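Letters A, B, ... are given to chains in the order of the sequence lines, protein chains preceding strands, and every chain is numbered from 1. None of the values given here were measured: they were computed from a predicted structure. The analysis underlying the following values was restricted to heavy atoms, covering all of them including side chains, and did not include hydrogens, waters or symmetry mates.
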Amino acid sequence: MTLRLQDTLSGETRPFEPLDAGHARVYSCGPTVYGPAHIGNFRSFLFADLLVRYLRYRGLRVTWVMNFTDIDDRIIERARDASETIGVLTDRWIAQFRADAAALRMTTPDVSPRATEHIDAIARLIATLEARGHAYRTEDGSIFFRISSWPAYGRLARLDPTQLRVGERVEADDYGKDDARDFALWKGPKAGDPAWETAIGAGRPGWHIECSAMSMAHLGESFDIHTGGVDLIFPHHVDEIAQSEAATGKPFVGTWLHCAHLRLGGEKMARRVGNIARVADLLESGVSPRALRYALISVHYRQALEYSEASLAAAGAAVDRLDSLVASLMAYRNDGDGDPGLPAALDGARAAFEAAFDDDLNVSAALAALFDLVRELNRRIDARALSSNDARAALDALRVLDRVLAILPDPPSELDPESAAMLDARRIAREAREWARSDELRDALLERGITVEDTRDGQRWHRTEGAS
RNA sequence: GGCGACGUGGUGAAGUGGCUUAACACGGAGGUCUGCAAAACCUCUAUUCAGCGGUUCGAAUCCGCUCGUCGCCUCCA
């Protein structure tokens, strides 16, 4: 069995085969850093994270590029409002994004290019488009892509150009183009706006061309996978394809993957709607970052996902169940011969897990396989069927699957000496059946953020989620 | 107006022609274990897959219609 992915452009689900055998090159449209990303944005970034993690789990080398759009109208506007430079503003929000991403255990991309650091590459790409007759200039120094020069335009979005409701959402055109459907590659200089002096003149890049230039700069003119939210299909990705392929004459991307929206209150989460939630705010209010990650990744990426307090609570409970199992396995001690059925159970779970992910990243089915294993292991723990070595092997197997999911607790760090002493004192009190003293110490440890539970193997402890 | 997606239990959600009289998680009810607590385990919790009609030996799964929800239609992940 191999990984099969559903490509937005062709609509087909087909086996994934990288252009270079054994090396997958992936580009993900990253955030525009004019403010903090919301968890709907993060759903699509975590979907890309899951993809990259699974490709690596499958033994592929992966080069993952996720850009920062650090120049656009909103950034200019915000910087002006705050009387600061766009560099100061975008640095701040990039730092915030990285903190949020780390909290959610998003893999750090191999390259995180910034648009403003690729101005020359962008200018060169535009110059090529001009030379090939796909672009034209307007009086203000802007350069547009001429859609009529590219017959395949719009195929990704399956849009009929004659049916577009031109004018409905298009603001009064600031830049004056030949055809309403043409899009800006380069925006001519405007008083007060940042501009760069380049071989194609002064100005700043349009949005779509950035992603073409940055992906090609780091992954080559043709690469394997391009991800983003469904709302980027049109116009962003449609335009990327047109300008990239018009410039190079080569196929741009092998597989397009698009993540469905996160919803809140039945509607797409969007600043415009006002129904957004932010990572930092949620963590501030005590939400466990792993529960949030679980809530955002636990549904198939092409399925709209409703976010709510209840879904977050359910995710937290599911994560707790995993934590309990991990704690049980770590505390487990038994000198017996071991469970002859264990290897088959572990292998079966792994096979089911992989089959699910191979099927276009069916994470719900993969989680079902994981939780089937959880119940199976708990049963064996209760029955004292495992040996100490079995418990270690089971834990190792869980950690292997977790290379993809990244939802298990971190291996526990050392306890501070004082807490360790309290834990030891409690053990002694329990051996003396001094229950009041035992309960007192349990409460005191809980106040220090350490939850203690008693098992046949003695005490086991874990750090209380959200308290650390 | 155009294009597209979706509608499965109290909730989220797998399953897309027979292996499923429907995974898994959350929630609920009862039980076991236990100094207490917690966890865990066991049993139960959809004769049914928006509605109607059709195809088929057989449909949640294919086709048609109806109803409903959501998304995209120029810079939103």
Nucleotide forming a Watson-Crick or wobble pair with [N], both distances under 3.5 Å:
{"N": "B:G1", "value": "B:C73"}
{"N": "B:A40", "value": "B:U32"}
{"N": "B:C49", "value": "none"}
{"N": "B:G18", "value": "B:C57"}
{"N": "B:A13", "value": "none"}

What interatomic distance, in whole Å, is found between [atom1] of [M] and the corresponding atom of [N]?
{"N": "B:G54", "M": "B:G71", "atom1": "P", "answer": "35 Å"}
{"N": "B:A59", "M": "B:G64", "atom1": "C1'", "answer": "15 Å"}
{"N": "B:G2", "M": "B:C19", "atom1": "C1'", "answer": "43 Å"}
{"N": "B:C33", "M": "B:C42", "atom1": "P", "answer": "16 Å"}
{"N": "B:C24", "M": "B:U8", "atom1": "C1'", "answer": "14 Å"}
{"N": "B:C3", "M": "B:U66", "atom1": "P", "answer": "14 Å"}
{"N": "B:U55", "M": "B:C63", "atom1": "C1'", "answer": "7 Å"}
{"N": "B:C26", "M": "B:A40", "atom1": "P", "answer": "8 Å"}

Which part of the nucleic acid, if any, lies within contact of [X], taking any heavy atom under 4.0 Å across all strands shown: a base, the sugar-phosphate backbone alone, or nothing?
{"X": "A:Asp454", "value": "base"}
{"X": "A:Ala310", "value": "nothing"}
{"X": "A:Gly266", "value": "sugar-phosphate"}
{"X": "A:Arg456", "value": "nothing"}
{"X": "A:Asn378", "value": "sugar-phosphate"}
{"X": "A:Ala270", "value": "nothing"}
{"X": "A:Ile233", "value": "nothing"}
{"X": "A:Arg271", "value": "nothing"}
{"X": "A:Gly228", "value": "sugar-phosphate"}
{"X": "A:Ser438", "value": "base"}
{"X": "A:His261", "value": "base"}
{"X": "A:His300", "value": "sugar-phosphate"}
{"X": "A:Ser324", "value": "sugar-phosphate"}
{"X": "A:Ala314", "value": "sugar-phosphate"}

Ring centre gap for A:His118 and A:His218 strictly below 6.0 Å: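 Centroid distance A:His118-A:His218: below 6.0 Å, so yes.
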A:Phe252 ring center within less than 6.0 Å of A:Phe223 ring center: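 Yes, the ring of A:Phe223 comes within the 6.0 Å limit of the ring of A:Phe252, centre to centre.
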Enclosure of A:Arg271 CZ (heavy-atom neighbours >12, cutoff 6.0 Å): yes
Can a donor-acceptor pair under 3.5 Å be found between the side-chain atoms of [X] and the base atoms of [N]?
{"X": "A:Arg181", "N": "B:C73", "answer": "no"}
{"X": "A:Arg375", "N": "B:A40", "answer": "no"}
{"X": "A:Asp231", "N": "B:G71", "answer": "no"}
{"X": "A:Lys268", "N": "B:C70", "answer": "no"}

[X] [atom1] - [N] [atom2] separation (whole Å):
{"X": "A:Glu306", "N": "B:U69", "atom1": "CD", "atom2": "P", "result": "15 Å"}
{"X": "A:Leu156", "N": "B:C3", "atom1": "CG", "atom2": "P", "result": "18 Å"}
{"X": "A:Asp239", "N": "B:C73", "atom1": "CG", "atom2": "P", "result": "12 Å"}
{"X": "A:Arg384", "N": "B:A40", "atom1": "CZ", "atom2": "P", "result": "17 Å"}
{"X": "A:Asp359", "N": "B:U16", "atom1": "CG", "atom2": "P", "result": "8 Å"}

Any A:Ile86 side-chain heavy atom under 4.5 Å of A:Asp70 side chain: no
Partner of A:Leu408 by side-chain contact (heavy atoms from CB on, under 4.5 Å), out of A:Val319, A:Leu322, A:Leu401: A:Leu322
Would you say [X] places a side-chain N or O within less than 4.0 Å of OP1 or OP2 belonging to [N]?
{"X": "A:Arg74", "N": "B:C76", "result": "yes"}
{"X": "A:Asn362", "N": "B:G15", "result": "yes"}
{"X": "A:Arg437", "N": "B:G35", "result": "no"}
{"X": "A:Asn41", "N": "B:A77", "result": "yes"}
{"X": "A:Arg379", "N": "B:C42", "result": "yes"}

Out of B:A25, B:U74, B:C41, whichever nucleotide has its closest atom nearest the side chain of A:Asp382: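 Selected nucleotide: B:C41.
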Check: A:Arg155 side chain, A:Leu9 main-chain N or O, donor-acceptor pair, under 3.5 Å: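 Looks like no, no N/O pair under 3.5 Å.
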Within 45° cone and under 6.0 Å: A:Arg74 NZ/CZ vs A:Tyr34 ring: yes
Quiz item: cation-pi between A:Arg456 and A:Tyr332, 6.0 Å / 45°: no
Reported CZ-to-CZ distance for the pair A:Arg430 and A:Arg433, which is rounded to 0.5 angstrom: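 A:Arg430 atom CZ to A:Arg433 atom CZ measures 9.0 Å (nearest 0.5 Å).
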Most 5' of A:Arg426 and A:Ser311 on RNA chain B, judged by nearest nucleotide: A:Ser311
First of A:Arg302 and A:Val374 reached from the 5' end of RNA chain B, by closest nucleotide: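 It is A:Arg302 whose nearest nucleotide is closer to the 5' end.
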